[in-house]
Amino acid sequence: MTIRVIIVDDQAMVRAGFAALLSAQADIDVVGEAPDGRRGIEVSRGTHPDVVLMDVRMPEMDGLAAARALLDPPVGVVHRPKVLMLTTFDVDDYVYEALRAGASGFLLKDAPPADLISAVRVVAAGEALLAPSVTRRLIADFAQQRPAPRKDRSLRLKGLTPRETEVLELIARGLSNREIADHLILAEQTVKTHIGRVLAKLGLRDRAQAVIFAYESGLVAPGG
């Protein structure tokens, strides 16, 4: 199945470079591009992409506002693409808020071409870009700025089994499925099943939101 992608960035050369790179892949089709968030929303609503590559800082409407609009659309709009944020900086407050809004992760603009291609495939498959240590640091820093657990989220944890709670904690600590499987002495497929149940029970879109939830519920403490 071909992955449909649009690129939203205020730099024409960045859009052209990313489009050329991604279009050269047999399984990726670039179906549109836009120079700002507002136009990006229009293009997304018209083309229904699987993945939106969204620059963080843009004129007219920034990537955060556009991501929120795409991931929490108005009544009558059913299409919700995966959103992958693009940033020039490895620490950016906008990234925290984008993850909370439902973005599937972020990628540095100067990442190697292979990383961009891989990121699009990973996000399209429903995973989140949380493996790099820099992302773990970002989310830990984000949680540290908001140390008080939210009661509503703490209560929702009670709906998980002890094993599911354990898996959620390990996700939040940045472990991959394989690492979780090794830690708990389980088959990797069993771990994937547990993760699916955790997301379903908590009403979360993906692994990125699971990490944010774990911190905001108090299950995991920053640096703990």
Looking only at non-hydrogen atoms, find the nearest pair between [X] and [Y] and report the distance.
| X | Y | answer |
| --- | --- | --- |
| A34 | V43 | CB-CG2, 4.2 Å |
| I28 | R121 | CD1-NE, 4.4 Å |
| R45 | P73 | NH2-CB, 4.0 Å |
| G102 | L71 | C-CD1, 3.3 Å |
| A119 | L107 | CB-CD2, 4.1 Å |

When rounded to the nearest 0.5 angstrom, what distance separates [atom1] in [X] from [atom2] in [Y]?
| X | Y | atom1 | atom2 | value |
| --- | --- | --- | --- | --- |
| M58 | L64 | CE | CG | 10.0 Å |
| L21 | L116 | CG | CG | 5.5 Å |
| L53 | I6 | CG | CD1 | 8.5 Å |
| S44 | M54 | OG | CE | 7.5 Å |
| D36 | R39 | CG | CZ | 9.0 Å |
| L202 | F213 | CG | CZ | 4.5 Å |

Taking side chain as C-beta onward, heavy atoms only, is [X] less than 4.5 Å from [Y]?
| X | Y | answer |
| --- | --- | --- |
| R156 | S217 | no |
| V51 | I3 | yes |
| K82 | D50 | no |
| P74 | V77 | yes |
| L199 | Q209 | no |
| P59 | D10 | yes |
| Q11 | K109 | yes |
| N177 | K192 | yes |

(request) Could you go through the side-chain contact (heavy atoms from CB on, under 4.5 Å) check for H194 and L186 one step at a time? (result) CA-CA 11 Å; H194 283 311; L186 295 172; 4.2 Å; yes
Name the atoms and distances for all side-chain donor-acceptor pairs under 3.5 Å in residues 159-168, with sequence neighbours left out.
| residue | atom | partner | partner atom | Å |
| --- | --- | --- | --- | --- |
| T161 | OG1 | E164 | N | 3.1 |
| T161 | OG1 | E164 | OE1 | 3.4 |
| R163 | NH1 | E166 | OE1 | 2.9 |
| E164 | OE1 | T161 | N | 3.0 |
| E164 | OE1 | K201 | NZ | 2.8 |
| E164 | OE2 | K201 | NZ | 3.3 |
| T165 | OG1 | T161 | O | 3.0 |

(request) Any chance you could lay out the side-chain contact (heavy atoms from CB on, under 4.5 Å) test for I180 and D182, step after step, and finish with the verdict? (result) CA-CA 5 Å; I180 294 173; D182 291 343; over 6 Å; no
(message) Working note: L86 + F18, criterion side-chain contact (heavy atoms from CB on, under 4.5 Å); need CA distance, chi angles, decisive distance, verdict.
(response) CA-CA 11 Å; L86 299 169; F18 284 1; 3.6 Å; yes
(request) I would like to know whether E169 and R173 meet salt bridge (charged side-chain N to carboxylate O under 4.0 Å, His left out); could you show each step before the answer? (result) CA-CA 6 Å; E169 179 180 353; R173 296 195 185 283; 3.1 Å; yes
(message) Whether the side chain of R4 engages the backbone of T47 through a donor-acceptor N/O pair (distance < 3.5 Å, no angle test) should be reported.
(response) yes
(request) Please assess T87 against L108 for the test side-chain contact (heavy atoms from CB on, under 4.5 Å), listing each intermediate value before the final yes or no. (result) CA-CA 5 Å; T87 179; L108 296 179; 3.8 Å; yes
